[in-house]
J.: 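A single structure is presented below for examination.
The model shown is predicted, which means the values in this text are computed figures rather than measured ones. Naming convention: chains lettered A, B, ... in sequence-line order (proteins, then strands); numbering from 1 in each chain.
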Number of protein chains: 2
Amino acid sequence: MRRISNDSEAVRSALLAAEDRFVQAWGQMAGAWGVSRTMAEAHALLYIVGEPRNTDEVMERLRISRGNASMTLRALVDWGLISRVHKRGDRKEYFAAERDVWAMLGALLRERKKRELNPLLVALHEIRDETGAIPGEPAEQHRARLDAMLGFIGAIDRIADRMIAMSAGELREATHALTALADGLDAHAKGGAS
Amino acid sequence: MRRISNDSEAVRSALLAAEDRFVQAWGQMAGAWGVSRTMAEAHALLYIVGEPRNTDEVMERLRISRGNASMTLRALVDWGLISRVHKRGDRKEYFAAERDVWAMLGALLRERKKRELNPLLVALHEIRDETGAIPGEPAEQHRARLDAMLGFIGAIDRIADRMIAMSAGELREATHALTALADGLDAHAKGGAS
DNA sequence: ACAAACTTTCAGAAGATTCTGAAAGCCTCA
DNA sequence: TGAGGCTTTCAGAATCTTCTGAAAGTTTGT
């Protein structure tokens with residue numbers, strides 16, 4: 001029947017359009033995840049299509065060069081956000097996105113902590129050490145500010161550690177618990193005494 | 001006494017060097033905070049020196065142009081990370097960094113949620129709505145993936161809301177509680193039964 | 001060993017972001 | 001009203017990031 005065939009085509013193109021919109025929306029979050037726009041888009045594409053895709057399909061869909069696709073996909077594999085999939089009977093390499101969004105968060109946290117948080121903590125400790133012996137009131141206050149910042153970054157670092165150590169399920173659980181906890185503290189603050 | 005004068009100078013320059021190192025370290029985190037390098041550096045400078053500084057002092061210390069300093073400081077004020085300070089008897093404008101690191105985190109979260117999370121949620125909901133009527137198994141699965149992502153981003157959004165609503169003190173408290181909670185879940189997972 | 005099929009690399013090009021500096025704008029005080 | 005002191009603006013310059021495409025590299029099958 002012609003009508004069904006037409007419908008199928010319409011359905012297909014509607015889905016493709018939705019995928020494109022998702023890819024675009026996700027691409028705008030690239031900065032927030034700390035990856036390039038194209039990395040975010042390629043990840044979004046693989047996530048939303050749900051099935052493994054090869055380099056050519058990604059190139060075509062995202063309108064990017066082969067070189068760019070290659071480097072982008074490799075970077076995503078390095079980040080642990082997608083994985084290589086081999087299909088028997090096909091020499092091409094396929095890539096599939098992690099399907100669990102919480103596992104995805106874990107991978108993101110792990111990489112960013114490694115790249116950003118750890119080096120910062122090292123630098124702050126170095127500064128603190130080399131500043132420790134300077135005498136005088138201004139130096140004291142400088143150290144106080146440095147220590148406040150160290151405490152802050154340290155706290156964030158510990159949270160990141162804990163979250164990274166969790167499985168996807170635990171992470172989801174902890175997140176929901178955190179929402180509840182925050183509600184509790186909020187009620188506490190608004191409600192009554194110490 | 002000459003010796004004391006010498007010492008004072010040495011102390012002064014050691015402190016300046018430490019400040020510079022701090023500024024540099026903080027500048028490298030710019031990407032993580034979602035601000036430009038110069039914004040991060042200017043903020044770091046104002047934070048670590050502890051006292052209000054005027055545009056000329058920031059320009060000189062950071063070796064940037066007047067125009068850049070002006071725009072950077074204004075942006076920091078917009079983000080709520082620093083505030084304008086007027087000194088009586090001085091026509092220059094001074095800027096002082098928020099002193100409480102937790103309040104700083106709150107300001108950061110508020111801005112980034114507004115700029116990044118909210119638009120993403122709107123876009124995802126739109127896609128979901130426009131995709132709702134598409135029939136067929138592939139569309140079903142597409143919606144399932146979209147919903148998983150919506151649930152995830154929604155959870156993050158709720159946490160951000162709660163954190164933004166908290167005062168600096170509550171935020172610190174909640175963070176420490178979270179570390180404890182994570183420890184608890186961790187022990188739970190490793191330890192025993194459901 | 002060779003060829004076909006596919007992937008990776010990287011120098012230079014393109015594009016995006018950030019910065020400069022000079023001119024315009026805005027107060028304040030005389 | 002106007003001169004001085006300070007701040008803001010913004011077009012073009014400089015810089016940094018990302019992308020392209022062709023050549024080199026790799027793997028698989030015969």
J.: Verify side-chain contact (heavy atoms from CB on, under 4.5 Å) between A/K92 and A/K87, making sure each step is shown before the conclusion.
T.: CA-CA 8 Å; A/K92 282 198 180 68; A/K87 291 194 175 182; over 6 Å; no
J.: With DNA chain D as reference, determine whether B/S70 or A/R63 sits nearer its 5' end, using the nearest nucleotide of each.
T.: B/S70
J.: In residues 34-53 of chain A, which ones come under 4.0 Å of DNA chain C, going by heavy atoms?
T.: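 None, since no heavy atom is under 4.0 Å.
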J.: Output all residues satisfying ring pair (Phe, Tyr, Trp, His ring centres under 6.0 Å) with A/F152, sequence neighbours left out; order by chain, then residue number.
T.: B/W102
J.: Please list, chain by chain and in numerical order, all residues satisfying salt bridge (Lys or Arg N to Asp or Glu O under 4.0 Å) with B/E140, sequence neighbours excluded.
T.: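 So B/E140 forms a salt bridge (Lys or Arg N to Asp or Glu O under 4.0 Å) with B/R143.
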J.: Looking at the side chain of A/N68, which of D/dT20, C/dC19, D/dT8 is the nearest nucleotide?
T.: D/dT20
J.: Where along nucleotides 12-17 of chain C does protein come under 4.0 Å, by heavy atom, of base (B) or sugar-phosphate alone (S), with - for untouched nucleotides?
T.: ------
J.: Counting only N and O atoms by type, is there a donor-acceptor contact under 3.5 Å from the side chain of B/E130 to the main-chain atoms of B/I127?
T.: no
J.: Apply salt bridge (Lys or Arg N to Asp or Glu O under 4.0 Å) to B/R37 and list each qualifying residue two or more places apart in sequence or on a separate chain.
T.: none
J.: Rounded to the nearest angstrom, tell me the gap between atom CZ in A/R66 and atom P in C/dC10.
T.: 18 Å
J.: For A/M71 and C/dC10, give me the distance from atom CE to atom P, rounded to whole Å.
T.: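 So the two atoms are 8 Å apart, to the nearest Å.
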J.: Step by step, would you call A/N118 with A/D157 a side-chain contact (heavy atoms from CB on, under 4.5 Å)?
T.: CA-CA 8 Å; A/N118 290 354; A/D157 188 63; 3.6 Å; yes
J.: Could you check whether B/E57 pairs with B/R61 (Lys NZ or Arg NE/NH1/NH2 to Asp/Glu carboxylate O, under 4.0 Å)?
T.: no
J.: Scan residues 73-93 of chain A against DNA chain C and write down, sorted by residue number, each residue with any heavy atom closer than 4.0 Å; if none is found, say none.
T.: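 Only A/R74, A/R84, A/R91, A/K92, A/E93 qualify.
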J.: Are the ring centres of A/W33 and A/W79 closer than 6.0 Å?
T.: no
J.: Donor-acceptor pair, A/H125 side chain versus A/L121 backbone, under 3.5 Å?
T.: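 Yes; at least one donor-acceptor contact below 3.5 Å.
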J.: Could you tell me if A/Q24 and A/Q28 have a donor-acceptor pair between their side chains, going purely by distance under 3.5 Å?
T.: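 Their side chains do not contain a donor-acceptor pair, so the 3.5 Å distance test is not met.
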J.: Given atom CD of A/E57 and atom C1' of C/dC6, what is their separation to the nearest angstrom?
T.: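 Rounding to the nearest Å, CD of A/E57 and C1' of C/dC6 are 14 Å apart.
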J.: Round to the nearest Å and state the distance from B/I64 atom CD1 to D/dT15 atom P.
T.: 16 Å
J.: Quick one: does any side-chain atom of A/R84 pair with a main-chain N or O of A/Y94 as donor and acceptor, under 3.5 Å?
T.: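 The answer is no, because no donor-acceptor pair under 3.5 Å joins these two groups.
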